[in-house]
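Naming: A, B, ... by sequence-line order, numbering from 1 per chain.
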There are 2 protein chains.
Amino acid sequence: MPNKPSTIKDIAKMLNISVSTVSKALHNHPNIGAITKERVLSTAKQLNYIPNKTAIHFKQQKTFTLGIIVPTLLDHFYTIAVDGFEKVASNAKYTVLIGQNQESFQREKELVSVMQSNRIDGLLIAISKETDNLDHLRRLEQSGIPVLFFARKPINEVYTCISSDVYRAAKDAVDLFVSRNHRRIAFINGPSHWTTSRDRYLGYRDGLLKNKLPIVKDLIRESDLSTPNNYKALRELMQLPNPPSAILLFKDYLMLDVMTCLRTEFPAYYPSTELIGYGALPLFSHFEHPPLASLKEQPFEIGAKAGSLLLEWIDHPQQERKPQLISLPCKLTLF
Amino acid sequence: MPNKPSTIKDIAKMLNISVSTVSKALHNHPNIGAITKERVLSTAKQLNYIPNKTAIHFKQQKTFTLGIIVPTLLDHFYTIAVDGFEKVASNAKYTVLIGQNQESFQREKELVSVMQSNRIDGLLIAISKETDNLDHLRRLEQSGIPVLFFARKPINEVYTCISSDVYRAAKDAVDLFVSRNHRRIAFINGPSHWTTSRDRYLGYRDGLLKNKLPIVKDLIRESDLSTPNNYKALRELMQLPNPPSAILLFKDYLMLDVMTCLRTEFPAYYPSTELIGYGALPLFSHFEHPPLASLKEQPFEIGAKAGSLLLEWIDHPQQERKPQLISLPCKLTLF
DNA sequence: TTGTAGGCGTTATCAC
DNA sequence: GTGATAACGCCTACAA
C-alpha cells in the first residue's frame with residue numbers, strides 16, 4: 001500500500017506550526033529561528049518529504065525544464081550534443097526533455113506542442129528533413145519561450161543557430177585533397193535548403209578556386225541522407241566517364257554508405273578513392289581501411305554552448321536578442 | 001513582447017460563460033449544448049489556447065509521464081529500447097523523460113530523485129554498472145511509483161525484469177561454433193553480479209556440456225565493458241599456451257574492441273579467430289571482415305513490452321504484481 | 001519570528 | 001445545460 005508523498009502541510013501539522021513557516025524553513029529563509037528550522041528539516045527527512053515539482057511549476061509559472069529536439073539519437077552527433085546540453089542544464093538545476101522528430105515534420109509539430117503544453121522554458125532544436133515551415137516554432141516564441149536552432153536551419157529564416165564552421169572545414173578538406181595530388185574532387189552534399197549545406201558547398205567551391213581548380217557540375221551531387229540516395233549519388237559519380245579520385249561528403253554516416261557501395265560495387269576504385277566526411281565517428285577506429293580523414297565536429301561543445309545561451313535568454317527575457325550564426329571550429333582529423 | 005498563454009478563463013470571459021462550461025466543452029462533456037461547444041472550440045483556436053499541463057498534472061496528481069533511465073544513449077541497444085518505449089507511451093498519450101546514468105551510481109540516484117520530484121507515473125531502468133544498492137528505487141516503489149527493470153538486474157534482487165533470452169542464445173552460439181569444428185571456445189562475460197551475465201554463462205556452459213566439451217576455466221574471462229578491460233581480457237586469452245579459436249562475447253561493443261585488439265596485436269589470429277557477440281549492430285554491414293555472427297536482440301520490442309507492462313501497472317495500481325523475469329528471444333544472425 | 005490568506009489553471013461536485 | 005465553488009501543494013506579500 002503506497003503511502004502518498006508527504007507535503008509541507010504534513011510537516012506543519014506534525015509540528016503544530018504553519019505551512020508558511022515550514023516553507024520558509026525549507027528554503028533557508030533568513031527570519032526563521034534556528035530551532036524551528038532544525039525541527040522542520042528533521043521532520044522533513046523523517047517523513048521522506050520530497051517537494052512536489054508539479055505544484056512548484058504550476059505556482060511559479062516556470063518549469064525549470066528545457067526541451068531539445070533532434071532528428072534521431074541513433075546519430076551520435078546528436079546524442080553527444082544532448083550530453084553537452086544536459087550537462088549545462090543540470091548544472092543550472094534544469095531538467096531536459098528530449099524528443100526525436102525522426103525526420104518527420106508531423107512528429108516534430110507534435111513534440112513541440114507537447115513541450116509547449118508542458119511549459120518548457122526554452123527549446124533547442126535541429127529541425128527534421130521535412131520541416132519547411134516554422135510556424136510551430138514561431139508560436140513558441142510568441143508565447144515567450146525562446147527557440148534556438150542548431151546544426152540545421154533553413155536558409156531563408158532569420159534565427160540564431162549554433163553549428164560547426166563547415167565552410168572553413170570544407171576548404172581545409174579540399175586543401176588536403178589537393179596536396180595529395182587529387183584534381184577531380186567530388187562533393188556529395190546534403191539537403192540544399194539548409195545553411196549548413198550551402199556553407200559546405202561554398203567552402204568546397206572556394207577551396208577549389210583557391211587551388212585554381214575548376215568547379216565541375218557533374219562532380220557535385222546531393223543526397224537526402226537516406227541510404228538509397230547515398231548509393232545513388234555515388235553511383236552517378238563513379239559512372240562518369242572520368243570518375244573522381246576523391247570525394248568530400250556531407251557527413252560520416254553518408255560516408256559509411258559510400259564506402260560500402262564503393263567496396264561492393266566499384267572494387268577497382270576501392271580503397272584508392274580517398275574520402276573525407278564530417279563527424280569523425282569513433283567507430284572508424286575499428287575499421288581496417290578507415291577513410292582518409294574526417295572533419296571532427298564538436299557536438300558536446302555545441303550542445304553546451306546552446307544550453308548556456310538558452311539559459312541566458314531565459315534569465316534575461318527582456319533583453320533583445322538579435323539573430324546570429326554561431327559556429328564552432330571543426331578539426332581535420334586523419335585516420 | 002510575449003503574450004502569456006491563454007487560459008480557459010480567457011475563453012470564458014470572452015464568451016461571457018463560466019470556466020466550468022468551457023472546461024466541459026473542451027472535453028466533449030455530454031451535457032454541453034452543440035452551439036456552446038462550437039463557440040468554445042472556435043474561440044480556443046482563435047486564442048491559440050494550449051492546455052497548461054503543469055496545472056493539469058498538479059490537479060490530477062498524475063503527470064502522464066514515464067521515466068526511462070539507461071546507461072548511455074551512445075549504445076544503440078538502449079537508444080532503440082527508448083524508441084520502443086516512447087512509441088507505446090506516446091500512443092497512450094504519455095510523455096517520456098529520458099535519463100542517462102552514464103554508469104554512475106551517484107548520477108542515477110540524482111536522476112531518480114529528479115524524476116520522483118517531477119512525479120513520474122512509472123519508471124523503466126537499466127541500472128548503472130556501479131549500482132549495488134536499490135534503496136533509491138525502493139523509495140520510488142514505496143511512494144506508489146512502479147519500477148520495472150530491463151537488461152540489467154542484480155542477481156539477488158527480486159524484481160520484474162525484461163531482457164533477452166541470453167541463455168538460449170549462448171547455447172545456440174556454442175552449437176554454431178561446434179558445428180564449425182571449434183573445440184576451444186572462449187567466453188568473455190560482463191559484470192558477474194547481473195542476472196544477464198549469469199544467464200549467458202549458464203548458456204555457454206550448458207552448450208559446451210551438450211556438445212561434450214569441457215568447461216575450461218582459463219577460457220572464461222570477465223570485463224566491466226570498458227575498453228582497457230576488454231583488451232585485457234582478450235590479451236589474457238590469446239597469451240594462453242593454446243589460445244581459443246572462437247570466442248563468445250557479452251556484447252557487440254565489447255566485440256568491436258576485441259576485433260581491433262586482435263587485428264592490431266595478434267594479426268596471426270585475425271581474422272581466423274571466429275567471434276560471436278550480442279546485439280547485431282547494423283554497423284557491421286559496413287565491415288570488410290565482419291564477425292562470424294551476432295545474437296540479435298530485440299531492443300525495440302523490449303522497450304515496447306516494458307512500456308505496455310508499466311502502463312498496465314499504472315492503470316491497475318491495486319492489483320498485486322508478482323516479480324517475474326520476462327525474456328524475448330534472440331536470433332543468431334550470420335554476417 | 002511566525003501566521004494568514006490569496007492565487008496559480010484546471011477539474012469535479014453539486015446546485016440551479 | 002450551465003454556473004459557482006472547492007481543491008490540488010506551494011509560495012509570498014502582508015499582518016500580527
Practice prompt. Let me see the working for B/His57 and A/Phe58 under ring-ring contact (aromatic ring centres under 6.0 Å, His included), right down to the final yes or no.
Written response: CA-CA 9 Å; B/His57 296 165; A/Phe58 173 51; over 10 Å; no
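- You'll find that the side chain of A/Ile56 is closest to D/dC11, out of D/dG3, C/dG9, D/dC11.
- Heavy atoms from other residues, nucleotides or ligands lying under 6.0 Å from NZ of A/Lys87 number 12 at most.
- As a whole-Å value, the separation of A/Lys62 NZ from D/dC11 C1' is 16 Å.
- Among the heavy atoms of the strands lying under 4.0 Å from A/Thr36 are primed sugar atoms or P, OP1, OP2 only; no base atom is included.
- Distance A/Ile17 CD1 to D/dA16 P: 21 Å, rounded to the nearest Å.
- Between B/Phe150 and B/Tyr78, the ring-plane angle classifies as perpendicular under the 30° and 60° cut-offs.
- When the nearest nucleotides of DNA chain D are assigned to A/Ile50 and B/His29 by heavy-atom distance, the more 5′-ward of the two goes with B/His29.
- Nucleotide D/dT2 holds its C1' atom 18 Å from the CD atom of B/Glu38, rounded to whole Å.
- A/Gln61 has a side-chain polar atom (N or O) that falls below the 4.0 Å cut-off from OP1 or OP2 of C/dG9.
- In this structure, B/Lys53 places its NZ atom 16 Å from C1' of C/dT11, rounding to the nearest Å.
- Taking every heavy atom of both residues into account, B/Thr195 and B/Pro154 meet most closely at CG2-O, 4.1 Å.
- For A/Ser20 and A/Pro30, each mapped to the nucleotide of DNA chain C holding its nearest heavy atom, the one lying further toward the 5' end belongs to A/Pro30.
- Within 4.0 Å (heavy atoms only), A/Lys24 reaches at least one base atom of the nucleic acid.
- The closest side-chain donor-acceptor pair between A/Asn101 and A/Lys129, if any, does not fall under 3.5 angstrom.
- Backbone-only contact: A/Asn52 has heavy atoms under 4.0 Å from sugar-phosphate atoms and none from a base.
- Using a 4.0 Å cut-off between charged side-chain N and carboxylate O, B/Arg138 and B/Glu157 make a salt bridge.
- Atom-to-atom, CG of B/Asn31 to P of C/dC16 comes out at 17 Å; the value is rounded to the nearest Å.
- Distance CD1 (B/Ile8) to C1' (D/dA4): 13 Å, rounded to an integer number of Å.
- Residue B/Val19 has its side chain nearest to D/dT5 when only D/dT5, D/dT12, D/dC10 are considered.
- Atom pair A/Asn118:CG and C/dG9:P shows a separation of 16 Å (rounding to whole Å applied).
- A stacking contact links A/Phe58 to C/dC8: the aromatic ring centre lies within less than 5.5 Å of the base's six-membered ring centre, and the planes differ by less than 30°.
- Side-chain atoms of A/Lys59 and base atoms of D/dC11 include a donor and an acceptor less than 3.5 Å apart.
- Minimum atom distance to the side chain of B/Gln60 is reached by C/dT11, of the listed C/dT11, D/dC11, D/dG3.
- In this structure, A/Lys9 reaches the D/dC8 phosphate: one of its side-chain N or O atoms is under 4.0 Å from OP1 or OP2.
- For B/Ser18 and D/dA4, a side-chain-to-base donor-acceptor distance below 3.5 Å is absent, hydrogens and geometry of angles not being considered.
- In this structure, A/Leu47 places its CG atom 15 Å from C1' of D/dG9, rounding to the nearest Å.
- Among the atoms of the strands shown, only primed sugar atoms or phosphate atoms (P, OP1, OP2) are found under 4.0 Å from some heavy atom of A/Thr7.
- At a cut-off of 3.5 angstrom, the base of C/dT11 holds no donor-acceptor pair with the side chain of B/Ser23.
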